[in-house]
Every structure is written in C-alpha cells, then in structure tokens.
Colleague: 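Got a structure for you, questions after.
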Amino acid sequence: MDRNHPQHQVLYMRRSLFDQGYIDREQFIQLEELQDDANPNFAEEIVTLFYTDSARLIQNIEQILVNKPIDFARLDDILHQFKGSSSSIGAKKVKEACTQLREYCCAENAEGCMRTLQVVKQEYAVLKRKLETYFQMVRQVG
C-alpha cells in the first residue's frame, strides 16, 4: 500500500498514538471493536463524551482548588471519576497525570495539586487535538 494512501496514514496515526503513550493499545482496540454497522462511529462518540465529561471535571477541580479551605475529599472523588473516565478510553497520559494529582490530593498538598492540574490540562489538550485529527482522518477514509 502506498505510504501516502489515506488508509496508511490512518494506521500510522493510530500506531503513533500507541507508540507515543497517549493511548493504551488494548483499551482503545476494545473500544473500536465495539463498533459495528449499527454503530459505525461508536469509538468517536465515546471519546466525544469523554471530552464533555473531562471539561466539566477539570472545571470542577479548578473550582475546588480556588475555594479555601480546599475540600480534598471532594477533590479526590472528582479525580477518581476523571481517572476512571480516562482509563475507559485508554487515555494513558491523562490517567497518569490524574494519578499524580490524586497523590498530591491525598497528601493535602495544594501547591502540588495546582501544579499537577496544569499537567493534566496539557495532556488532555494534546490528546484531544490528536484524537480529533485521528477521527477526522478515519471519517475521510470512510
């Protein structure tokens, strides 16, 4: 197959998401395997729900961190949700950043939480951009 062929580009993009550690290979493949003729865009739809949920969770985290005193128990609950949501689509780097943020939360380290939240937001933004590009390529190939 020609390297410039759209299907080859999709496969290369997908493999790079795995190789660069943005997406867990097994989890994402399981998600894609749930697609069928009745739900041909299932993986993209689930990832889009992840975007919506993640934006809400990030906003909630930011709100908790600006309110004093910080409610670390509530923050931990939200981080648990975010970590689980990230894991469900195979968002490895986001999940890892959430794990690190939870560690700071459990230690009630507000400064560490604020600093690590920026990492979570950055990893989320990069992943979203890469997955949007990937799914756009998938749609073009048909």
Colleague: Do side-chain atoms of Q7 reach the backbone of V141 as a donor and acceptor pair under 3.5 angstrom?
Modeller: no
Colleague: Less than 3.5 Å apart, which donor and acceptor atoms pair up between the side chains of residues 16-23 and the rest of the protein, not counting sequence neighbours?
Modeller:
unit_1	atom_1	unit_2	atom_2	d
S16	OG	M13	O	2.8
D19	OD1	R25	NH2	3.4

Colleague: For E44, is there any backbone N or O sitting under 3.5 Å from a side-chain donor or acceptor partner on T48?
Modeller: yes
Colleague: Kindly check if the number of other-residue, nucleotide or ligand heavy atoms within 6.0 Å of CD (E45) is above 12?
Modeller: yes
Colleague: Is it the case that more than 12 heavy atoms not belonging to K95 sit under 6.0 Å from its NZ atom?
Modeller: no
Colleague: Tell me whether N67 contacts the main-chain N or O of I70 through its side chain, where contact means a donor paired with an acceptor under 3.5 Å.
Modeller: no
Colleague: Between V126 and K130, is the side chain to side chain contact (heavy atoms under 4.5 Å, CB included) condition met? List the steps.
Modeller: CA-CA 6 Å; V126 170; K130 287 181 176 288; 3.8 Å; yes
Colleague: Does a side-chain N-to-carboxylate-O contact under 4.0 Å join E111 and R115?
Modeller: yes
Colleague: Check whether E32 reaches the backbone of A43 with its side chain - one donor and one acceptor, N or O, closer than 3.5 Å.
Modeller: no
Colleague: Check R14 against I29 and note the closest heavy-atom contact, atom names and distance.
Modeller: NH2-CG1, 3.2 Å
Colleague: Between the side chain of T116 and the main-chain N/O of G112, is any donor-acceptor distance below 3.5 Å?
Modeller: yes
Colleague: Answer yes or no: is there a side-chain heavy-atom contact under 4.5 Å between C113 and F72?
Modeller: yes
Colleague: Of the non-hydrogen atoms in Y124 and Y51, which two are nearest, and what is the gap between them?
Modeller: OH-O, 3.1 Å
Colleague: Give me each pair satisfying salt bridge (Lys or Arg N to Asp or Glu O under 4.0 Å) with a member in residues 47-73, each pair once, sequence neighbours excluded.
Modeller: D53-R56, E62-K121
Colleague: I'd like to know whether T99 forms a side chain to side chain contact (heavy atoms under 4.5 Å, CB included) with K83, so could you lay out the CA-CA distance, the side-chain angles of the two residues, the decisive distance to 0.1 Å, and finally the verdict.
Modeller: CA-CA 7 Å; T99 298; K83 183 180 167 191; 3.3 Å; yes
